[in-house]
Amino acid sequence: MEMIVSFILAIVSYMLIDNVVLSRFYGICSFIGVGNKVKSAFSMGLAVTFVIMMATLVCYPLYFYVLVPAGIPFLDTLVYILVIASLVQIVGLFIKKTSPSLYKTLGIYLPLITTNCAVLGVVQTNSDSQLDFLTSLANGLGTSIGFLVVIVLFACMRERLNGYNIPKAMKGVPIALIVAALMAMAFMGFGGMVG
Amino acid sequence: MNNIKRGQHKASFLNGILKENPLLVQILGLCPALAVTKSLETAFGMGLLFTFVLVSSNVIVSLLRKLIPEEIRTPCYIVVIATFVTIVKMLAEAFLPELYSSLGVFLSLLVVNCIVLGRSEAFAGQNGVFDSFLDGCGNGIGYTWAISLMGLIREIFGKGTLTIGKVFNFFGDPLVLPILKSTTLDANGDPLYDFSISIFQNPAGAFIVLGLMLAVMAAITNHKKAVEKAKERAAKEAAKAEATLVAGGAK
Amino acid sequence: MDQRQAFILAIVIIVVLLIVFVVSFVIYMRTPAPKGCEKLKIGPKNCEDCDVEGCMIYKERHKEEKKEEKE
């Protein structure tokens with residue numbers, strides 16, 4: 001019981017308090033670049049979620065049961081990026097072959113996930129801070145749900161920005177960053193929620 | 001011939017510094033720019049390590065560009081970059097432990113940095129070794145000054161003081177400059193004056209500072225464009241007026 | 001495990017992962033996209049013929065085009 005509670009608390013804290021985008025700054029490029037279509041933001045978020053979970057599941061045993069016993073933990077980054085890139089290709093291949101409709105919504109985002117810092121960031125944090133398996137899973141789950149929530153909220157907010165008269169220099173990315181700053185302030189309110 | 005070549009070298013070096021600044025104009029590499037700019041020194045250190053990775057991966061990619069088959073270019077680039085990031089990580093851990101611990105996971109995240117991969121694909125894969133080296137240097141310097149400026153703003157406004165020599169601690173004790181916050185304490189143990197705004201140290205402050213910097217850059221570019229357009233229009237009108245004058249004179 | 005074995009293991013791991021990545025990458029690139037999705041690509045190079053309206057690059061480009069037409 002205690003384990004379940006701490007698992008859920010860890011998920012919440014990785015999702016809201018230590019949000020990927022707004023306080024850990026992973027995946028800003030895709031966060032800014034995905035634009036103001038809520039639907040495409042949601043697809044992007046789902047794709048990232050899936051890859052993060054898969055990467056966590058593969059990389060955890062690879063690090064703790066292969067790299068560490070062999071005495072070569074310094075190869076972690078190289079191994080992780082290869083695993084993540086292969087995973088993305090394999091998932092992409094699977095989608096391409098089986099489901100054209102899914103490919104239509106996710107297809108353009110798949111190559112971008114390899115270079116999304118969120119995936120490598122989660123996996124690297126897991127091994128850098130020596131998290132146990134359950135906390136690693138919670139990190140993966142919380143991070144990806146947090147990414148999904150924030151990227152969808154952000155797309156909604158930018159949709160509303162469309163009709164407003166913004167100074168010419170602020171158009172595009174600068175105003176998006178200011179919006180992100182306001183969101184980050186709102187998310188600061190979650191601080192201290194989980195002791 | 002020689003002049004043209006020299007011009008090209010110069011362009012590939014200078015483009016990255018201002019005209020095509022990777023952070024401020026191309027808007028790439030936002031994650032480290034936001035995350036490691038809490039203080040000037042970590043930002044500068046990140047810029048240095050970034051430049052090292054960029055230059056070395058550019059050189060190797062451009063050396064290998066004729067050996068790598070077209071089809072598997074991206075995987076090869078990723079491996080080259082990841083190798084250099086591993087090397088940089090080990091060097092930083094050995095020689096700059098303070099910087100290594102304050103950069104944390106963002107040192108590893110250089111692997112997926114859009115700028116490094118982008119320069120390999122867009123420049124080093126098609127150009128000679130020397131040009132790629134210069135391009136790496138230019139882009140590295142451009143990125144370094146941009147994030148250092150960000151770090152400077154965030155440290156001065158957020159902490160009120162400017163610390164020099166804490167990360168690069170080769171010269172003894174760090175130097176703390178009081179700018180917006182006094183380093184001497186009064187009777188109650190509070191600083192004499194304190195005008196620092198702590199939001200600049202928070203994530204929200206990072207977003208605001210970067211957003212304003214990009215806006216300023218965009219405003220400058222817009223202004224330049226407008227001036228050029230006005231000049232062009234003036235030149236056209238002058239030419240027209242002259243033409244009518246000439247025509248009138250002919251009559 | 002002594003140093004030589006670890007060294008060999010490191011090389012084996014990297015090479016195996018690299019082969020997996022390269023093979024999956026090549027297969028992915030060679031697989032034709034399903035019908036109706038041939039134009040789905042992202043990146044400055046491919047933006048000329050992209051029609052994803054949510055993309056920022058798309059919007060910026062079309063704004064500029066419209067302005068130029070007006071002028």
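Naming convention: chains lettered A, B, ... in sequence-line order (proteins, then strands); numbering from 1 in each chain. Since this is a predicted model, take the numbers as computed values, not measurements.
- Interface with chain B: from residues 77-96 of chain A, residues A:Thr77, A:Leu78, A:Ile81, A:Leu82 qualify, criterion being any non-hydrogen pair under 4.5 Å.
- Contacts from residues 117-131 of chain A to chain B, taken as heavy-atom pairs separated by less than 4.5 Å, involve A:Cys117, A:Leu120, A:Gly121, A:Gln124, A:Thr125, A:Asp128 in sequence order.
- Using a 4.5 Å cut-off between heavy atoms, B:Leu210 contacts chain A through both its backbone and its side chain.
- With a 4.5 angstrom heavy-atom cutoff, A:Met183 does not touch chain B via any of its atoms.
- Around atom NZ of B:Lys89, more than 12 heavy atoms belonging to other residues, nucleotides or ligands sit under 6.0 Å away.
- Interface with chain A: from residues 102-118 of chain B, residues B:Val105, B:Phe106, B:Ser108, B:Leu109, B:Val111, B:Val112, B:Cys114, B:Leu117 qualify, criterion being any non-hydrogen pair under 4.5 Å.
- Listed for the B:Arg119 side chain is no donor-acceptor partner under 3.5 Å among the backbone atoms of B:Asn58.
- Donor-acceptor pairing under 3.5 Å is recorded for the side chains of B:Thr42 and B:Ser39.
- For the pair A:Thr56 and A:Asn139, the minimum side-chain heavy-atom distance is 4.5 Å or more.
- In this structure the side chain of B:Ile147 never reaches within 4.5 angstrom of the side chain of B:Phe50, judged on heavy atoms.
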Would you check, one step at a time, whether the test side chain to side chain contact (heavy atoms under 4.5 Å, CB included) holds for B:Thr163 with B:Glu155?
CA-CA 9 Å; B:Thr163 314; B:Glu155 191 173 0; 3.6 Å; yes
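- Residue A:Phe42 qualifies as open at atom CZ: its count of foreign heavy atoms under 6.0 Å is 12 or below.
- The CG atom of B:Leu180 lies 10.5 Å from the CG atom of B:Leu162; values are rounded to the nearest 0.5 Å.
- The contact list for residues 196-207 of chain B toward chain A, using heavy atoms and a distance under 4.5 Å, reads B:Ile199, B:Asn202, B:Pro203, B:Ala204, B:Ala206, B:Phe207 by residue number.
- The environment of OH in A:Tyr60 is crowded: more than 12 heavy-atom neighbours from other residues, nucleotides or ligands sit within 6.0 Å.
- Crowding of B:Phe44 atom CZ: a count of heavy atoms from other residues, nucleotides or ligands under 6.0 Å not exceeding 12.
- B:Glu93 places no side-chain N or O within donor-acceptor distance of the main-chain N or O of B:Tyr100, the cut-off being under 3.5 Å.
- The 12-atom threshold is not exceeded at CZ of A:Phe50, counting heavy atoms of other residues, nucleotides or ligands nearer than 6.0 Å.
- At distances below 3.5 Å, at least one donor-acceptor pair connects side-chain atoms of B:Gln26 with backbone N or O atoms of B:Glu20.
- By the 6.0 Å contact criterion, OH on B:Tyr77 is enclosed, its count of non-hydrogen atoms from other residues, nucleotides or ligands being greater than 12.
- B:Asn21 places a side-chain N or O within donor-acceptor distance of the main-chain N or O of B:Ile17, the cut-off being under 3.5 Å.
- By the 4.5 Å heavy-atom criterion applied to side chains, A:Val150 and A:Phe187 are counted as neighbours.
- The candidate with the highest count of non-hydrogen atom pairs below 4.5 Å against chain A, out of B:Ala82, B:Ala215, B:Ala218, is B:Ala215.
- A donor atom on one side chain and an acceptor atom on the other are not found under 3.5 Å apart for B:Asp135 and B:Ser12.
- Two residues are said to be in side-chain contact when any heavy atoms from C-beta on lie closer than 4.5 Å; B:Leu48 and B:Phe168 meet this criterion.
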